[in-house]
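The structure appears below as structure tokens.
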Number of protein chains: 2
Amino acid sequence: MARTPVQVTEAAPTSRGGLRREAFLKAALEVFLEQGYEAASMAEIVTRAGGSLTTLYNQFGDKQGLFLAVISERVQLLTASMFVELSAHTPVETGLTRIAEQSVTKLLEPASLELYRLILGLGAKFPDVATAFQKNGPDRVSAALAAYLADRAEAREIEIEDPVEAAYLFISLARAGLVTRALLDPEFRPCADDIKASVRTCVNLFLNGVRPRPAT
Amino acid sequence: MARTPVQVTEAAPTSRGGLRREAFLKAALEVFLEQGYEAASMAEIVTRAGGSLTTLYNQFGDKQGLFLAVISERVQLLTASMFVELSAHTPVETGLTRIAEQSVTKLLEPASLELYRLILGLGAKFPDVATAFQKNGPDRVSAALAAYLADRAEAREIEIEDPVEAAYLFISLARAGLVTRALLDPEFRPCADDIKASVRTCVNLFLNGVRPRPAT
DNA sequence: GGACACTTGTAATATTCATTACACTTAGTT
DNA sequence: AACTAAGTGTAATGAATATTACAAGTGTCC
């Protein structure tokens, strides 16, 4: 009956069921990311995880249940890791750079990127997964950045009308370049320095624009 | 033997085979967009298109052949429609607004958006499709914009170091906000005015940044 | 009008896969 | 040690589905 013990802190499980469950989730993630939802086979997952098909069904109900369990767990981890705390007094270049590097770096890790691809591709079939990602990831990062930008505007470091909109734009700008390209071009694997360079350009553009300004 | 007559201009075909082929492509597009590649069924496509399974196989070989035929045709159309010619003397606000509105509007049409979703989702399985999209769509738009920006820089309307990078950033910025949100949130269907507003914000940000500037 | 190529409808074929049944073994608890 | 709940391995079951075969129809061109 898939008795999932309520376990608030997802510590390393050591019970038999817990171990099995972990192995299943790990193998399922692999297979779903490699082959996509439809093409993934339950038998293949069991082959990689060890254990038996029966147990797999007992623990997760059916294929969709397994998929949702795997994906929501990973979305949780990914969105949490994209987040970064910004203390209000951090200078604006530093804050923007930090938040952009963190979120872009995480999203570009191969496992994250393929997860993101899966979420995007199945947005029509599993809208809840897509929405959960949006709410817990991008939206939370955006909200934190908005608060920070509002503070920086108070300090006269920047001039913006709508901090929420500005935050969303900056995040989009930072993410769009590398991540979109990586999704479309399998050869494109930016390294840490590429990310730093891209973020620097974005921060600079966001702050200064391209219009000539008189020397200060 | 799938005798595809070489027909440079894809005018309305009137031959028997041509008509059948058109109906197949139309139905296949529908089904692939609705259900995805794996879940789409050849039988369902024939049911919608009329005609017979045998003819479908004669014309396209197999499922993958049909898929590639449909998708590359639509990618062609979509990427062509995203493009916009910019004459060099157009003022920079106008040029940026025009190119962004065109490409974002096209990409947000439901059929285009689902096509884009399909391309992204299958990027790992059909990398050539993804690459073709990138090369014929975003890259070409980017290149045209880069040339235009270089010209505007000559005219001292803007100051940029690398027109290609600047163009890519602007396009990413313009596209990312609405398109990414639309991919993740099925409820989110921006109207023409939303697009105009978003583009205006992007153009403004791209040109001016958020840093305070002394009154001119 | 007749030949020929293409098309049609239907029914195999053969494979894959989710899901379940069953008989048996094992781990953890008292 | 015995009991119980869960796990294992294997093999049904049943449904989809891609793909092919075949017999007969139909439009087109001479």
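A note on names: the letters A, B, ... follow the listed sequences, proteins ahead of strands, and every chain is numbered from 1. Side chains are part of it too, since the values below use all heavy atoms of this structure and drop only hydrogens, waters and symmetry mates.
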Checklist line | Integer-rounded Å distance: D:dT19 C1' and B:I45 CD1 | finding: 14 Å

Margin query: Looking at B:E34 and A:K125, is there a salt bridge between them, counting it only when a charged N and a carboxylate O are closer than 4.0 Å?
Written below: no

Next item on the list: For nucleotides 14-21 of chain C, just jot down a letter per nucleotide in 5' to 3' order: B, S or -, based on protein non-hydrogen atoms under 4.0 Å.
Entry: ----SBBB

Check: Should the pair A:K135-A:D139 be classified as a salt bridge under the 4.0 Å nitrogen-to-oxygen rule?
Finding: yes

Checklist line | A:Q59 side-chain N/O to D:dG7 phosphate OP1/OP2 under 4.0 Å | finding: yes

Check: Whole Å only: how far is the CZ atom of A:R20 from the P atom of C:dT26?
Finding: 15 Å

Next item on the list: Starting at atom CZ of B:F67, determine the distance to atom C1' of D:dA18, rounded to an integer number of angstrom.
Entry: 16 Å

Check: Taking NZ, NE, NH1 and NH2 as the nitrogens, is one of them in B:R48 or B:E44 under 4.0 Å from a carboxylate oxygen of the other?
Finding: yes

Margin query: Tell me every residue that passes side-chain hydrogen bond (donor to acceptor under 3.5 Å, both in side chains) with A:Q102, counting only those two or more places apart in sequence or in another chain.
Written below: none

Check: Could you give the CG-to-P distance, from A:N58 to D:dG9, as a whole number of Å?
Finding: 14 Å

Item checked: Salt bridge flag under 4.0 Å for residues A:E93 and A:R200 -> no

Note to self: Check this for me, if you would: do A:R98 and A:E101 make a salt bridge, where the nitrogen-to-carboxylate-oxygen distance has to be below 4.0 angstrom?
What the structure shows: no

Notebook entry, point to check: D:dT8 P sits how many Å from A:L56 CG, rounded?
Noted result: 11 Å

Next item on the list: Ignoring backbone atoms, establish whether A:T55 has a side-chain N or O less than 4.0 Å from OP1 or OP2 of D:dT8.
Entry: yes

Check: What's the CZ-P distance between B:F60 and D:dT19, to the nearest Å?
Finding: 14 Å

